[in-house]
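If you're wondering where the values come from, they're calculated on a predicted model, not measured in any experiment. Both counts, for ligands and for their atoms, begin at 1 and track the order of listing.
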Amino acid sequence: ARLVVLVSGSGTNLQALLDAIGDDPEGFGAGIVAVGADRDDIAGLERAERAGLPTFVCRVRDHATRDEWDHALTAATAAYEPDLVVSAGFMKILGKEFLARFGGRIVNTHPALLPSFPGAHGVRDALAHGVKVTGCTVHFVDDGVDTGPIIAQGVVEVRGEDDEAALHERIKDVERSLLVEVVGRLARHGYRIEGRKVHVGE
Ligand code: GRF
């Protein structure tokens, strides 16, 4: 399978995929063909360039309207003909053209146990709420915010001394291996989405 990975930050989830694929995309079942971002000064793009991958940047502020940004991101992604789009810490809500083009083939990772704590501050919100366990969710993207069908989740205990950064780092340890495992399984075994249920490899 051909993967396009979208990033907005440090790109450690991207790095986990790069490390897992290594020099054997056939064995993993997928290879990353390009990395896209919504900003240009991020480590995620440096990781892509170090891996010799094509990259593209679509910044909202470079476009007159959100719809024009949506169109640009869709066209830039479509140019690489992905089988799966992996949103790994991509911090923009994907637009309707992108969803129309790639819907059902966009996997997102979120650092909380959805449906709890959706949105851009899932770790902070969980901590503030005083939960004893949180975690991460890998799901298909639908037209809501972090609301699509759940593929897998991982649990992380909250510790008394945790601040947002410490907890997020512990979540990312689980999140990276969960994302690698899920993307590999989807790529190797195929999948079917029925309503909110995801059937992998049946
Ligand atoms: C991940 O925890 C992701 O779920 C969240 O932001 C983080 C991105 O980390 N949206 P990285 O850029 O993959 O290191």
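- In this structure, the ring of Tyr191 has its center no less than 6.0 angstrom from the ring center of His199.
- Counted by atom type alone, Glu175 and Thr109 present one or more donor-acceptor pairs between their side chains at under 3.5 Å.
- Lys92 has its side chain within reach of Trp69: a pair of non-hydrogen atoms, C-beta onward, lies under 4.5 Å apart.
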For ligand 1, which of its N or O atoms have a protein N or O partner closer than 3.5 Å, and how long is each gap?
residue: ligand 1; atom: 2 (O); partner: His168; partner atom: NE2; Å: 2.7
residue: ligand 1; atom: 2 (O); partner: Glu175; partner atom: OE1; Å: 2.7
residue: ligand 1; atom: 2 (O); partner: Glu175; partner atom: OE2; Å: 3.4
residue: ligand 1; atom: 4 (O); partner: Thr109; partner atom: O; Å: 3.2
residue: ligand 1; atom: 4 (O); partner: Glu175; partner atom: OE2; Å: 2.4
residue: ligand 1; atom: 9 (O); partner: Lys172; partner atom: NZ; Å: 3.2
residue: ligand 1; atom: 12 (O); partner: Ser10; partner atom: N; Å: 3.3
residue: ligand 1; atom: 12 (O); partner: Ser10; partner atom: OG; Å: 3.4
residue: ligand 1; atom: 12 (O); partner: Gly11; partner atom: N; Å: 2.8
residue: ligand 1; atom: 13 (O); partner: Thr12; partner atom: N; Å: 3.3
residue: ligand 1; atom: 13 (O); partner: Asn13; partner atom: N; Å: 2.9
residue: ligand 1; atom: 13 (O); partner: Asn13; partner atom: ND2; Å: 2.8
residue: ligand 1; atom: 14 (O); partner: Ser10; partner atom: OG; Å: 2.5
residue: ligand 1; atom: 14 (O); partner: Gly11; partner atom: N; Å: 3.4
residue: ligand 1; atom: 14 (O); partner: Thr12; partner atom: N; Å: 2.8
residue: ligand 1; atom: 14 (O); partner: Thr12; partner atom: OG1; Å: 2.6
residue: ligand 1; atom: 14 (O); partner: Lys172; partner atom: NZ; Å: 2.9

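- The main-chain N or O of Met91 is found under 3.5 Å from a side-chain atom of Ser8 such that the two form a donor-acceptor pair.
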Anything under 3.5 Å between a donor and an acceptor, one on a side chain of residues 76-86, the other on a protein residue two or more places apart or in another chain? List them.
residue: Thr77; atom: OG1; partner: Leu73; partner atom: O; Å: 2.8
residue: Asp83; atom: OD2; partner: Arg2; partner atom: N; Å: 2.5

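- Side chain of Arg170 to main chain of Glu157: a donor-acceptor pair is present (N/O by atom type, distance under 3.5 Å, no hydrogens or angles).
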